[in-house]
2 protein chains.
Amino acid sequence: MTAFNQRIGVAADAVIFTVDHGELKALLIQMKKTPFSGRWAMPGGLIENKETTRQAAERILKIQTGVKDVYLEQLQTFDDLKRDPNGRVLSVAYMALVPSGNIKLKTNDRYSDVRWWSIKKLPTLAYDHSEILKIAINRLRSKLEYTNIVWSLLPPEFTLTQLQNIYEIILDRDLDKRNFRRKILELGLVATTGKKIKGEAYRPAELYRFKQRRLTYVEVI
Amino acid sequence: MTAFNQRIGVAADAVIFTVDHGELKALLIQMKKTPFSGRWAMPGGLIENKETTRQAAERILKIQTGVKDVYLEQLQTFDDLKRDPNGRVLSVAYMALVPSGNIKLKTNDRYSDVRWWSIKKLPTLAYDHSEILKIAINRLRSKLEYTNIVWSLLPPEFTLTQLQNIYEIILDRDLDKRNFRRKILELGLVATTGKKIKGEAYRPAELYRFKQRRLTYVEVI
DNA sequence: ACAAAAGTGTTGTTACTACACCCATGG
DNA sequence: CCATGGGTGTAGTAACAACACTTTTGT
């Protein structure tokens with residue numbers, strides 16, 4: 001069959017975002033193998049036998065962060081002939097959003113390091129990964145404005161201020177507190193839990209939760 | 001190299017739209033080879049040696065319609081394990097928009113027929129092509145609202161009524177003539193040519209052109 | 001009582017919607 | 001002079017943006 005004469009590798013790459021300490025961050029791994037030894041890149045690799053690219057992305061996400069059941073969407077496919085110096089590899093890029101708490105990053109023998117990088121201070125990336133990351137940031141920003149994907153960046157219960165902070169960090173602009181809260185509550189995507197944060201030296205904030213932790217299309221912001 | 005043991009075929013499929021005689025239409029081909037003999041599908045196929053999926057989509061578009069330099073965007077990649085009964089094939093779907101005038105459809109020996117199908121009266125499609133087409137229609141509708149891609153469906157010079165008709169047909173709803181014209185002219189994407197349509201038994205319409213025949217992001221409608 | 005973040009309304013401005021008649025041409 | 005689509009303005013409504021003070025808690 002013609003297909004089997006093509007000799008094209010099929011890979012999945014995962015752009016994994018989180019918001020932590022006031023910054024939007026992407027998970028990058030440091031490569032061992034030449035010609036990109038020492039360079040940073042998004043985690044990824046050739047898909048395994050009888051595995052879809054989405055399953056590969058889920059596997060990569062699980063390996064690096066331990067999380068699953070977070071928001072994961074197909075971003076775009078990259079297949080320039082020269083994008084991988086080791087041979088022709090088509091890569092389907094996925095974007096994942098993970099909440100910042102309780103994530104222990106794991107490395108493995110293919111990588112010399114793994115860590116979160118602020119998207120404002122990125123190193124030069126291997127392959128075409130700078131382009132992929134740029135596309136991912138744009139997609140994240142626009143999707144934030146007309147969907148509820150932010151649920152995937154937050155713990156199950158959160159305050160409206162935390163929610164607003166995530167919007168402000170990702171969109172990189174200030175939002176008016178009163179207008180933001182009015183809009184969010186009008187949308188009906190969140191509900192109060194009745195609980196309050198305790199133990200801080202100021203008025204305790206009400207805790208909210210998302211009614212649905214799955215993709216919903218609305219004009220959020 | 002591991003890649004070469006994967007045995008995954010890489011294909012490109014092209015969802016080709018036009019607007020003609022008051023309907024949004026997709027170009028479909030009728031298949032010869034089993035197990036889909038007689039069934040309709042989007043034109044596509046395995047990519048050739050040293051060809052990107054985008055180049056393959058351009059080639060397919062050229063073969064079927066003779067056109068090039070139209071709007072063509074990557075839609076999504078489909079790689080379910082069972083999507084092709086003849087073996088594992090990953091397909092990158094592209095969406096193209098072609099103007100309706102002067103297009104002569106060409107068939108070839110792989111297909112028994114080619115023709116435009118109104119998206120309101122589609123046959124059952126081969127593979128996962130019904131899903132791909134559904135995604136393409138959604139993408140087209142939303143992109144119509146915040147970009148100028150409609151230029152690719154129109155001849156170089158057109159009237160505002162023709163433009164409005166295309167919006168109405170694709171969005172499948174009526175638009176107010178005065179509001180539509182005000183919005184379009186405010187956006188500044190089109191310019192008058194100074195010419196008028198002649199020879200019709202009613203007041204001649206002014207002809208406009210797009211200032212830029214490439215993707216521009218604005219809230220069009 | 002102080003520090004710190006939580007929470008809450010109103011007003012002006014802008015964008016959107018709905019709507020009906022006259023105009024220019026060919027036949 | 002008739003038929004046909006081309007072309008134009010206004011008023012009411014809804015959404016958005018800008019803005020500052022009071023409340024609740026822990027120390």
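Given the structure is predicted, the values throughout are model-derived calculations rather than measurements. All values below were derived from every heavy atom in this structure, side-chain atoms included, with hydrogens, water molecules and symmetry-related copies excluded. Each chain gets a letter, A, B and so on, in the order the sequences are listed, and its residues count up from 1.
- With hydrogens and angles ignored, the 3.5 Å screen pairs no side-chain donor or acceptor of A:Arg181 with any backbone N or O of A:Leu160.
- In terms of the salt bridge (Lys or Arg N to Asp or Glu O under 4.0 Å) criterion, residue partners of A:Arg83 (sequence neighbours excluded) are, by chain and number, A:Asp13, A:Asp128.
- Evaluation of the salt bridge (Lys or Arg N to Asp or Glu O under 4.0 Å) rule for B:Glu73 yields B:Arg139, B:Lys143 as partners, not counting sequence neighbours.
- For the contact set between residues 153-173 of chain A and DNA chain D, defined by any heavy atom under 4.0 Å, there are no members.
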Which letters describe nucleotides 8-18 of chain C, given B = protein heavy atom under 4.0 Å from base, S = only from sugar-phosphate, - = neither?
BBB------BB

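- Residues B:Asn138 and B:Arg141 bring no donor and acceptor atom of their side chains to less than 3.5 Å of each other.
- Partners of A:Tyr71 according to the ring pair (Phe, Tyr, Trp, His ring centres under 6.0 Å) rule, which considers only residues two or more places apart in sequence or in another chain, do not exist here.
- With sequence neighbours excluded, the residues that form a salt bridge (Lys or Arg N to Asp or Glu O under 4.0 Å) with B:Glu145 are B:Arg173.
- In 5' to 3' order, the nucleotides of DNA chain D bounding all contacts with chain B (an atom under 4.0 Å from a heavy atom) are D:dA3 to D:dT10.
- At least one donor-acceptor pair under 3.5 Å links the side chain of A:Thr193 to the backbone N or O of A:Leu207.
- The stretch residues 155-168 of chain A participates, sequence neighbours left out, in these side-chain hydrogen bond (donor to acceptor under 3.5 Å, both in side chains) pairs: A:Glu157-A:Lys195, A:Gln164-A:Glu168.
- Here B:Arg213 pairs with nothing under the salt bridge (Lys or Arg N to Asp or Glu O under 4.0 Å) rule; sequence neighbours left out.
- Here B:Phe36 pairs with B:Tyr127 under the ring pair (Phe, Tyr, Trp, His ring centres under 6.0 Å) rule; sequence neighbours left out.
- Of the N and O atoms on the side chains of A:Asp79 and B:Thr53, at least one donor lies less than 3.5 Å from an acceptor on the other residue.
- Of all the residues in residues 187-201 of chain B, B:Glu200, B:Ala201 reach under 4.0 Å from DNA chain C with at least one non-hydrogen atom.
- Residue pairs satisfying the salt bridge (Lys or Arg N to Asp or Glu O under 4.0 Å) criterion with at least one member in residues 106-125 of chain B, sequence neighbours excluded, are listed as follows: B:Glu23-B:Lys121, B:Lys120-B:Asp172.
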